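Report on one structure; see the data block that follows.
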Amino acid sequence: MLDVAAEVAEAIRNGQPVVALESTIISHGMPYPQNVETARAVEDEVRAGDAVPATIAVRGGKLRVGLSAEEIETLGKTGLNAVKCSRRDLPFVVARKLEGATTVASTMIIAAKAGIDVFATGGIGGVHRGVEETLDISADLEELGRTNVTVVCAGIKSILDIPRTLEYLETRGVPVVGYQTDTLPAFYSQSSGCPVDFRVDSADELAAAIVAKKAMQLDGGVLVGVPIPAEHALDKDEVDTLIAAAILDMQKQGISGKDTTPYLLASIAERTFGRSLDANIKLILNNARVAAEVAVACAQSA
Ligand code: PSU
Ligand code: MN
C-alpha cells in the first residue's frame, strides 16, 4: 500500500535525513493559493537544512510518501473537498481510492511505516475546550501515545484546552519537549505558561533522547514545541478573546467533530484580518527548519 517517491526512498535506504510533512494543513488548514505556496516553501526550508522533504497524503488507494509539486497544487485546489483523513478514515479512503489529506495522526502512521522518524507541522490536535460535554479529544494524542515519530510543532493552539491536553499526553507516556524554551508554546504566541517536561537547547540534545527511546524500544511519539519567532507572534490575550468568540459562533452553528478545527482556523483568520494566517505560515517554516536539524542530528547519531 505504501508508495514512496524515488528520492525519499533512496534517502531512507541510505540513512539520510528525511522530514515528513502532513497534508490536512494544505487542504483544510489554509486557503488557496497560500496553502500551496506554503507547502512548497516548507519543502524548500527542509531542503535548505540538508534533509529530504516527504509530504504525505492518500491518493489512488495508496499511502503516498513524497508528493510531486503538481500533486501538491491539485490537493491545494481540491481543498475542503479532500477527505480529512485520520486513523479511522484510512481503510475507507484507501478502499474507495478517495483523495485523502492526512492529519498529524495519519501522517505519523504512514511516516512510521516508511521509516521516517521526524515530522514537522504547524499545530497538533488536542483536548478541546468543553470536553466535559463533547468528549472531543483529537486522535493525534492517541497516535502520539503509540507511534514512533517525533512531531515538531509550534505547541498547542488555545482553541484547545492546553492543561488537559498535557495531562492526556502524560497519561499516554508522551514526553513534551520545549525547544529552547521552558514552557509549551501556544501556536500564535510564544508561551502558554504551562511548563514542558524537558527543555532542549539544541537538535543534538533532542536527538540523544530520540536515540535512547529507540534503543529501549519504547513505543510512542515525542512532542516538540518550538515557539513562533517573536517578530511574528500575536498578542495572546487578543487571540484568546477572538477564539472564545469563534467557539461561541461554532456552537451556535452546531459544528462538531472533524469540522471543528478547520472551522476555528478559518474563523480566527477572518477575525484577525489574515494576521493569524501570516503567523501560521511563519511558524510552520520555522518548525520545518528545526525539524531538518533534528533529522540531521538523528541521522548522524544512528
Ligand atoms: N492545527 C492547525 N492546522 C491544521 C490542523 C491543526 O493549526 O491544519 C489539522 C492537523 O492536520 C491536525 C488536525 O492533525 O487538524 C487535528 O484535527 P482534529 O482536532 O479533528 O483531530
Ligand atoms: Mn475531534
Side-chain angles (χ1 to χ4, degrees), residues 20-32 34-36 38-39 42 55-58 75-76 79-80 82-90 93 100-111 119-131 133-145 147 149 151-162 164-165 168-169 185-189 192 221 223 225-226 228 232 234 239 243 246-247 250 255-269 272 276-288:
L21 302 162
E22 64 152 305
S23 47
T24 292
I25 201 172
I26 302 173
S27 60
H28 289 68
M30 288 184 191
Y32 181 83
Q34 287 94 337
N35 56 358
V36 172
T38 304
V42 166
T55 301
I56 290 177
V58 184
L75 185 63
L80 300 177
V83 183
K84 176 180 162 187
C85 189
S86 197
R87 173 179 273 273
R88 61 116 190 252
D89 306 290
L90 283 174
V93 173
T102 52
T103 63
V104 168
S106 54
T107 304
M108 287 179 75
I109 294 170
I110 298 168
F119 164 21
T121 186
I124 63 159
V127 177
H128 277 265
R129 295 201 211 169
V131 65
E133 290 285 321
T134 62
L135 206 65
D136 189 347
I137 300 170
S138 174
D140 292 351
L141 299 186
E142 288 299 304
E143 213 56 53
L144 280 161
T147 299
V149 174
V151 180
V152 178
C153 70
I156 296 169
K157 259 178 308 306
S158 43
I159 62 175
L160 302 169
D161 186 326
I162 297 175
R164 285 191 167 120
T165 300
Y168 202 84
L169 288 168
F187 202 74
Y188 301 119
S189 49
S192 66
L223 185 65
V226 184
I228 182 172
H232 302 301
L234 304 182
V239 174
I243 286 172
I247 291 176
M250 184 181 75
I255 291 165
S256 64
K258 71 197 283 190
D259 298 331
T260 300
T261 301
Y263 174 86
L264 289 173
L265 289 173
S267 177
I268 294 162
T272 58
S276 68
L277 178 58
D278 187 53
N280 205 337
I281 293 168
K282 296 295 182 356
L283 66 83
I284 293 165
L285 290 171
N286 189 50
N287 296 344

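Indexing begins at 1, ligand by ligand and atom by atom, following the structure's order. Everything numeric in this text was worked out from a predicted model, so none of it was measured.
When only modelled atom types and interatomic distance are considered, Gln34 and Thr38 share no side-chain donor-acceptor pair under 3.5 Å.
Note on the Mn ion (ligand 2): protein N, O or S atoms under 2.8 Å away count 1, no waters included.
In this structure, Gly123 and Cys153 approach most closely via the heavy-atom pair CA-CB, 4.4 Å.
The salt bridge (Lys or Arg N to Asp or Glu O under 4.0 Å) check on Asp278 picks up Lys282, with sequence neighbours excluded. A search for salt bridge (Lys or Arg N to Asp or Glu O under 4.0 Å) contacts involving Arg129 returns nothing, not counting sequence neighbours.
Sorted by first and then second residue, the salt bridge (charged side-chain N to carboxylate O under 4.0 Å, His left out) pairs with a member in residues 151-162 read Asp161-Arg164; sequence neighbours excluded.
Within the 4.0 Å heavy-atom shell around ligand 1 one finds Glu22. Within the 4.0 Å heavy-atom cutoff, Met30 does not count among the residues contacting ligand 1.
With hydrogens left out, the protein atom closest to atom 3 (N) of ligand 1 is Leu265 CD1, 3.3 Å, a heavy atom. The closest protein non-hydrogen atom to atom 8 (O) of ligand 1 is Ile25 CA, 3.5 Å. Nearest protein neighbour of atom 7 (O) of ligand 1, counting heavy atoms only, is Lys157 NZ, 2.7 Å. For atom 21 (O) of ligand 1, the closest non-hydrogen atom of the protein is Ser138 OG, 2.7 Å. The protein atom (non-hydrogen) at minimum distance from atom 16 (C) of ligand 1 is Asp140 OD2, 3.7 Å. Protein heavy atom at the shortest distance from atom 6 (C) of ligand 1 is Gly123 O, 3.5 Å. Looking only at heavy atoms of the protein, atom 17 (O) of ligand 1 is closest to Lys84 NZ, 3.1 Å.
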